[in-house]
Amino acid sequence: MNDLNRRVFLLSPVAAGSALLLGADAARAQVVMVSEKDATAAALGYTTDSARVNPKRFPNHSSAQKCGNCELYAGRPGDGTGECRIFTGKRVSAIGWCSAYVLKG
Ligand code: SF4
C-alpha cells in the first residue's frame with residue numbers, strides 16, 4: 001500500500017468502523033464486576049449466585065429471582081453478566097441476586 005492508498009484507506013468508512021470496533025473492544029475489556037464485599041453490595045446482600053442466598057437473612061427470596069430477570073438489570077438476554085442500575089458502571093452476574101430485586105414487568 002503506497003502513501004496515497006494508505007491515506008485514502010485511513011479516511012474511509014471501513015477504517016472509521018474498525019477504529020470504533022477497537023474502541024468498543026477496549027471498553028469491554030475494562031468491565032468491572034460488582035464484588036459481594038463492596039459496601040452497597042454487602043448491605044443489599046448481593047451474591048453472584050442466587051442459589052447461595054441466605055434464607056434466614058432473606059426469607060422472601062426465591063431461587064427463581066435472578067439478576068437476569070430483574071427490572072434493574074440492563075444486560076442482554078443470554079449474556080452471563082450485565083449492568084445493574086444500582087451499581088452504576090459495574091456489572092453483575094446474570095444468576096446473581098440482591099435484596100433490591102424487582103421482577104421484570
Ligand atoms: Fe441483580 Fe436486580 Fe439486585 Fe441489580 S437490583 S443486583 S439486577 S437483583
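Both counts, for ligands and for their atoms, begin at 1 and track the order of listing.
Using a cut-off of 4.0 Å between Lys/Arg side-chain N and Asp/Glu carboxylate O, E83 and R76 are scored as not salt-bridged.
Exactly one of F58, Y46, Y101 qualifies for a side-chain contact (heavy atoms from CB on, under 4.5 Å) with V53. That residue is F58.
For atom 3 (Fe) of ligand 1, the count of nearby protein N/O/S atoms, taking only those under 2.8 Å, is 1.
One side chain, E36 or T48, offers a donor N or O that lies under 3.5 Å from an acceptor on the other. For the residue pair H61 and S50, a side-chain donor N or O sits within less than 3.5 Å of a side-chain acceptor on the partner.
When side chains are defined from C-beta on, L44 counts as touching F87, because their heavy atoms get closer than 4.5 Å.
Residue pairs satisfying the salt bridge (Lys or Arg N to Asp or Glu O under 4.0 Å) criterion with at least one member in residues 84-104, sequence neighbours excluded, are listed as follows: D38-K90.
Those atoms of ligand 1 with a heavy atom of F87 less than 4.0 angstrom away are 6 (S).
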